[in-house]
**Student:** 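Can you read through this structure? Questions will come right after.
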2 protein chains.
Amino acid sequence: MARWETITGELREAIIRGEIAPGTTLPRETDLEERYGASRTTVRRAVEELEAEGLVEKVRRRGTVVRRSPARTRLTRSRRVYRDDIGYFFDRTAQGWRALETPTITRVPAPADVARLLGVEPGGDVTARSRIMGEPDTGEATQVAVSYLSPDAVAELPVLAEPDTGPGGIYDRMEEAGHSPLEWEEAISARMPSPEEARLLALAPGVPVLRIVRTTRTPGGRVLEVNATVLSAERFEIGYAIDRDTSATP
Amino acid sequence: MARWETITGELREAIIRGEIAPGTTLPRETDLEERYGASRTTVRRAVEELEAEGLVEKVRRRGTVVRRSPARTRLTRSRRVYRDDIGYFFDRTAQGWRALETPTITRVPAPADVARLLGVEPGGDVTARSRIMGEPDTGEATQVAVSYLSPDAVAELPVLAEPDTGPGGIYDRMEEAGHSPLEWEEAISARMPSPEEARLLALAPGVPVLRIVRTTRTPGGRVLEVNATVLSAERFEIGYAIDRDTSATP
DNA sequence: CAGTGGTCTAGACCACAAC
DNA sequence: TTGTGGTCTAGACCACTGA
C-alpha cells in the first residue's frame, strides 16, 4: 500500500468514527507532514482522495474541513402527470422552484443517450431549450434542465424553438398539433458533473449529480422531446411510494 | 486560470469533440510536458482532473485511455410490488441477478439517513444483513445490498438476524408475526463510492453509485427495516413510466 | 495581514503489465 | 523486457481569505 493510502485510511477512519467532527478541520498540511514523516506532496495526495470522496472540503486560510452532509430534499415523483392552468407538471414538490431566466435556445451536439432516443446520429446538433431552475428569492440555482427537441418536431412546429412558447408551453403546442395524448417515461441515473454544472449548482468536489431523463412520445411512439434535468445528488433524492399488487398476494 | 486547468480544458474539449476517440490514448505524459512546457506534476494534475470526471482511465504501460461509457442497463422499478413462490420482488428486470453468497450478518454503525429512519441515534450499531448480488455465471458483482433491521424487530423476531430466514425471507416472517400488509417506499440518490464499494463493484475512478433506499413499514407506520442497495451509476439507470391522470385533464 | 492551501519545478526510483 | 504511469522528495513562490 502506498504511503498516501495509509494516511488517507487513517484520516478517513477518524472522520467516520466522528473523532474529527463535521465542521472541524484536519491537522494542517505541515502538521501532517511531520506526523507521518512524509513530504507535502504525499500528504496532499492523501487529502485529495478524501476530497474526491466528498468527505472533506479545503478552505483557504481555514484548513481542510470535514463536511457535514446537508439533509436531502426529497422530490416525490408523481406516477401520474398532473396539469393545472399553467401546464403539465411531474412533481408534487417542485412548486417552489422557478426558472431563473427565460429559456436559452441553442443548437448543441446531443449527448449520446439523447441522440439515441431522438434517433439522430451521435454528435449531431439538435435544438436545445436550456433552463436554470432555482429559488426565486435567493437566485440560488438548484437544477439545470435542458429540453432536446426532435428535428422533426421543430420542422413541424417552429414555435418550439422560440423562447416563449405560449400558454402551457411546448407540450400544449404538441397536443394542439394532434399528438394528444402525449406519453412520458423517466429514467434516473447519476454521473460526475461537468465543470460548468459544478459551477452553476455550486457543487463541492466529490459530489455527483442526479440526472433525470424524461422522454415525450406521441401516442404512436415517436419521440418528440427528451428533457434532461441535472441536480445535486447531495441535496436531492427522488422518492416514490410502492403500491401493493393485492390481487397477486396469496 | 492555473496552467493545469488550461491543459485539462484543451484535452477535455478534444475528447468531447471526438478528436481523441474512445479507446485511444492521450499523448503520454512526457509528450504533454514537452507540448505544454510544463513539469510532470502539472501535467499529471491536469489529467487527474479528467480522471475524476470519469472521462479517462489510466492504464499502466498503455497510457491514458479515453473511456467509452458502457450502455446503461435499465432497472424498471415496479410501482407495484409483486410476489411469487419465492417472495416479494420490487423490480421486473432484476430476475437475472442472484445473491453471490449467503447474507453476512454484522452489527454496524447505521448510516445517518438510515439511523433517522430507524429511529436510533446516529452512529449507533444496528443489525445488518449484507448481500452481494451479481451474475451467477461470471461471479461479477453488480449490486451491494444491505438490509438494516430495527432493534425492535430483531428483539421481536430473532430469526431476522439469522443467515437463513426461511421461505419468503424476512418479509414473510414479519407478516406472519402480524405486521401484514407491509408497506414500502423508495428513494433514489447518488454519491461517490467508498473504497470498498469501488473495489467490490470494480468501479473506475470518477464513477458514482446510485443508492436505492427502501423503507419497510408496518400498517401502523413503524419502520421495521431499511434496505440500501448500491449500484454503479454508469451501468444502471432506474426507469418508470408515467401515467396520465386523465380525470384532471381539461 | 498572516497563515492557509494552490501551484509549480526538477529529479529520482518503483511497479506493473502489455508487448 | 521495457515503457508506461505511480510514488515520493525538497524546495520555492503565489493567492486568497478569514482571524
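Since this is a predicted model, take the numbers as computed values, not measurements. Lettering of chains follows the sequences in order, A, B, ..., and the numbering in each one begins at 1.
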**Student:** What is the distance, to the nearest angstrom, from the CG atom on A:D31 to the C1' atom on C:dG3?
**Tutor:** 12 Å
**Student:** Measuring only between side-chain heavy atoms, which start at C-beta, is A:I105 closer than 4.5 Å to A:T127?
**Tutor:** yes
**Student:** Can you check whether A:E234's main-chain N or O pairs, donor with acceptor, with B:S189's side chain at less than 3.5 Å?
**Tutor:** no
**Student:** What is the distance from CE of A:M1 to P of C:dC16, rounded to the nearest Å?
**Tutor:** 13 Å
**Student:** Please enumerate all protein N or O atoms sitting under 3.5 Å from an N or O of nucleotides 13-19 of chain D, with distances to 0.1 Å.
**Tutor:**
unit_1: D:dG18; atom_1: N2; unit_2: A:R61; atom_2: NH1; d: 2.4

**Student:** Within the structure provided, determine whether B:R211 and B:E197 are in side-chain contact (heavy-atom separation under 4.5 Å).
**Tutor:** no
**Student:** In the structure I gave you, are the side-chain heavy atoms of A:L117 and A:V213 within less than 4.5 Å of one another anywhere?
**Tutor:** yes
**Student:** Any side-chain heavy-atom pair from B:R129 and B:T165 closer than 4.5 angstrom?
**Tutor:** yes
**Student:** Just the rounded figure in Å: distance from C1' of D:dG5 to CD of B:E57.
**Tutor:** 13 Å
**Student:** Quickly work out the B:E33 CD to D:dG5 P distance and round it to whole Å.
**Tutor:** 10 Å
**Student:** What is the distance, to the nearest angstrom, from the CD atom on A:E29 to the P atom on D:dG11?
**Tutor:** 17 Å
**Student:** Would you mind reading off the distance between B:R45 atom CZ and C:dA10 atom P, rounded to a whole angstrom?
**Tutor:** 19 Å
**Student:** Any luck finding a side-chain donor-acceptor pair between B:S147 and B:E225 under 3.5 Å?
**Tutor:** yes
**Student:** Below 4.0 angstrom from OP1 or OP2 of C:dT4, is there any side-chain N or O of A:K58?
**Tutor:** no
**Student:** Select base, sugar-phosphate, or nothing to describe what A:R44 touches, counting heavy atoms under 4.0 Å on all strands.
**Tutor:** base
**Student:** Above 12 or not: heavy atoms from other molecules or residues under 6.0 Å from CZ of A:R107?
**Tutor:** yes
**Student:** Round to the nearest Å and state the distance from A:L32 atom CG to C:dT4 atom P.
**Tutor:** 12 Å
**Student:** NA contact type, B:T42, heavy-atom cut-off 4.0 Å: base, sugar-phosphate, or nothing?
**Tutor:** sugar-phosphate
**Student:** Would you mind classifying the nucleic acid contact of B:T64 as base, sugar-phosphate or nothing, using non-hydrogen atoms under 4.0 angstrom?
**Tutor:** sugar-phosphate
**Student:** Taking DNA chain D as the partner, which of residues 4-14 of chain B come within under 4.0 angstrom of it by heavy atom?
**Tutor:** none
**Student:** Which of these nucleotides, C:dT7, C:dT4, D:dT9, is closest to any side-chain atom of A:R28?
**Tutor:** C:dT4
**Student:** Using a strict threshold of under 4.0 Å (side-chain N to carboxylate O), is an ion pair present between A:E10 and A:R35?
**Tutor:** no
**Student:** Let me spell it out: for each of B:G63 and B:T41, pick the nucleotide of DNA chain D with the closest heavy atom. Which residue's pick is nearer the 5' end?
**Tutor:** B:G63
**Student:** For a side-chain contact (heavy atoms from CB on, under 4.5 Å) with B:T25, tell me which candidate from B:V56, B:V59, B:V65, B:I20 qualifies.
**Tutor:** B:V65
